[in-house]
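Naming: A, B, ... by sequence-line order, numbering from 1 per chain.
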There are 2 protein chains.
Amino acid sequence: MKEELRIFNAFIRAKGLRRTVQRERILEVFLATERHISTEELYRLVKKCHPAIGFVTVYRTMRLLVESGLCGEIDFGDGLIRFEHKYGHRHHGHLICLKCGRFIEVVNPEIEELQEKMARRHNFRPTKHKLEIFGFCQRCA
Amino acid sequence: MKEELRIFNAFIRAKGLRRTVQRERILEVFLATERHISTEELYRLVKKCHPAIGFVTVYRTMRLLVESGLCGEIDFGDGLIRFEHKYGHRHHGHLICLKCGRFIEVVNPEIEELQEKMARRHNFRPTKHKLEIFGFCQRCA
DNA sequence: GATATTCTTGAAAGTAATTTTCAATAACTA
DNA sequence: TAGTTATTGAAAATTACTTTCAAGAATATC
């Protein structure tokens with residue numbers, strides 16, 4: 001059994017919720033794709049193997065996954081919320097291509113460090129942060 | 001005449017569009033407020049002095065202002081797009097308080113420099129970027 | 001294992017912000 | 001000044017997300 005499923009079940013139990021077939025299937029499908037994916041896209045993938053599962057259940061399950069910490073929300077400002085795996089992933093920023101829409105995940109501890117310092121200078125207690133760089137990738141430049 | 005208005009008129013002319021009273025009034029009201037403001041909020045301000053100007057005109061004018069570079073869009077992920085002055089302002093990130101909603105603008109050339117480097121390392125040509133740090137301000141911590 | 005309780009589901013309806021449509025009007029061009 | 005084309009404001013449409021609700025499913029209790 002995948003570690004993520006174990007975490008999810010623990011989370012479900014801790015909140016007094018119920019394990020359901022739908023939730024497990026949705027988590028499986030989510031874990032099986034490595035792309036950043038919107039609720040609508042995930043719903044379409046889920047429907048391929050499990051036609052009886054509805055959009056709203058996918059939507060609600062994603063909220064639980066976010067709350068459990070297994071899944072992160074990304075908002076590139078194009079009016080769509082996407083999700084990415086969070087378990088076992090370091091915090092990262094994104095280089096987003098304005099032409100082809102592809103993106104690169106970037107990890108940079110130096111920048112993170114400077115951010116922390118900057119927050120402290122303003123007596124601000126940071127909980128999460130977001131770094132997005134828009135531009136053109138090698139292929140589209 | 002304000003420099004911003006001159007820039008806006010040049011932009012309008014270059015695009016083969018037309019100068020209108022409404023657009024100038026909306027720009028004036030936008031420039032007169034220093035807050036980050038949504039289309040709806042700006043519309044309400046505009047309506048106070050110019051009741052005949054409609055929401056859609058404000059909406060469309062803001063798009064032109066963004067395109068002209070006079071105005072920047074901010075998306076804190078709360079489902080509302082806000083606008084800020086861009087002419088004569090250095091690029092800055094935001095420290096956003098999750099409790100009271102207030103934010104601090106922060107300028108940090110070191111971080112900007114590291115971002116540039118990081119982009120180059122990935123053969124990425126950056127055009128704009130966004131740094132947002134969420135957390136709690138001194139008052140709400 | 002049966003029963004009661006409460007959560008979960010899926011469809012449909014609702015919400016909120018943004019965006020488009022369209023006919024009347026206004027600004028520029030020749 | 002007349003003709004062309006952009007602009008306006010109201011209303012309708014769109015989009016993504018969120019809530020509602022009745023039927024069904026999972027867990028706890030007996």
Side-chain angles (χ1 to χ4, degrees), chain A residues 5 8-29 36-68 71-83 101, chain B residues 5 8-29 36-68 71-83 101:
Chain A
L5 183 51
F8 188 55
N9 285 337
F11 170 80
I12 288 288
R13 168 166 295 272
K15 286 209 60 162
L17 304 179
R18 288 167 189 179
R19 290 177 56 178
T20 67
V21 183
Q22 288 92 330
R23 286 175 178 164
E24 290 205 4
R25 294 295 161 273
I26 292 166
L27 176 54
E28 277 166 15
V29 174
H36 292 184
I37 197 170
S38 67
T39 309
E40 185 63 39
E41 287 173 309
L42 182 58
Y43 166 61
R44 281 201 290 268
L45 286 181
V46 166
K47 207 164 54 170
K48 276 189 198 164
C49 308
H50 315 288
I53 296 182
F55 173 83
V56 186
T57 303
V58 174
Y59 162 75
R60 282 185 284 224
T61 302
M62 292 321 286
R63 296 227 296 205
L64 289 176
L65 289 176
V66 170
E67 202 184 336
S68 76
C71 168
E73 286 180 306
I74 337 171
D75 178 0
F76 288 161
D78 63 350
L80 233 70
I81 293 169
R82 293 182 181 77
F83 301 96
Chain B
L5 183 50
F8 188 54
N9 285 335
F11 172 80
I12 288 287
R13 168 165 295 271
K15 286 208 61 161
L17 304 179
R18 289 167 189 180
R19 289 177 57 177
T20 67
V21 183
Q22 288 92 332
R23 285 177 179 163
E24 290 205 5
R25 294 296 160 273
I26 292 166
L27 176 55
E28 276 167 15
V29 174
H36 293 184
I37 196 170
S38 68
T39 308
E40 184 62 38
E41 287 173 308
L42 182 58
Y43 166 59
R44 281 201 289 269
L45 286 182
V46 167
K47 208 164 54 170
K48 277 189 199 164
C49 308
H50 316 287
I53 296 182
F55 173 83
V56 186
T57 302
V58 174
Y59 163 75
R60 284 185 283 222
T61 301
M62 292 321 286
R63 295 227 297 204
L64 289 177
L65 289 176
V66 170
E67 202 184 337
S68 75
C71 167
E73 284 180 308
I74 338 170
D75 178 0
F76 289 161
D78 63 350
L80 232 69
I81 294 170
R82 292 182 182 77
F83 301 96

Check: Out of B/Q22, B/E24, B/R23, which residue meets the side chain to side chain contact (heavy atoms under 4.5 Å, CB included) rule with B/T61?
Finding: B/R23
Note to self: For a quick test of reading the model: is some side-chain N or O of B/R19 closer than 4.0 Å to OP1 or OP2 of C/dA27?
What the structure shows: no
Notebook entry, point to check: What integer distance in Å separates B/I12:CD1 from C/dA26:P?
Noted result: 18 Å
Note to self: Expressed as a whole number of angstroms, how long is the span from B/D75:CG to C/dT18:C1'?
What the structure shows: 13 Å
Notebook entry, point to check: Which whole-number value in Å describes the distance from B/E67 CD to C/dT19 C1'?
Noted result: 16 Å
Margin query: Taking the nucleotide of DNA chain D with the nearest heavy atom to each, does A/L80 or B/G16 sit closer to the 5' end?
Written below: B/G16
Note to self: Using OP1 and OP2 only, check whether a side-chain N or O of B/S38 sits under 4.0 Å from C/dA17.
What the structure shows: no
Margin query: Quick check: do A/R19 and A/F8 have side-chain heavy atoms less than 4.5 Å from each other?
Written below: no
Check: Does any non-hydrogen side-chain atom of A/F11 lie less than 4.5 Å from one of A/N9?
Finding: no
Notebook entry, point to check: When the distance from CZ of A/R13 to P of C/dT6 is rounded to whole Å, what number comes out?
Noted result: 18 Å
Next item on the list: Would you check if B/E73 and B/V66 make a side-chain contact, meaning some heavy-atom pair closer than 4.5 Å?
Entry: yes
Next item on the list: Quick one: label A/E40 by what it contacts on the DNA or RNA (base, sugar-phosphate, nothing), any heavy atom closer than 4.0 Å.
Entry: nothing
Next item on the list: Could you state the atom-to-atom distance from CG of A/D78 to C1' of C/dT19 in whole Å?
Entry: 15 Å
Margin query: Less than 4.5 Å apart, side chain to side chain, heavy atoms only: is that true for B/T39 and B/F83?
Written below: yes
Check: Is any side-chain heavy atom of B/I53 closer than 4.5 Å to a side-chain heavy atom of B/V58?
Finding: yes
Next item on the list: Would you check if A/K47 and A/F55 make a side-chain contact, meaning some heavy-atom pair closer than 4.5 Å?
Entry: no
Next item on the list: For residues B/L42 and B/V29, determine if any side-chain heavy atom of one lies less than 4.5 Å from a side-chain heavy atom of the other.
Entry: yes
Notebook entry, point to check: Are any of the side-chain heavy atoms of B/T57 and B/T20 separated by less than 4.5 Å?
Noted result: no
Next item on the list: On DNA chain D, reading 5' to 3', which nucleotide is the first and which the last to sit with an atom under 4.0 Å from a heavy atom of chain B, could you check?
Entry: D/dT5 to D/dA11
Next item on the list: Go through residues 41-63 of chain B and report each residue with a non-hydrogen atom lying under 4.0 Å from DNA chain D, sorted by number.
Entry: B/A52, B/I53, B/G54, B/V56, B/T57, B/R60
Checklist line | Length of the line joining A/I81:CD1 and C/dT18:C1', which is rounded to integer Å | finding: 15 Å
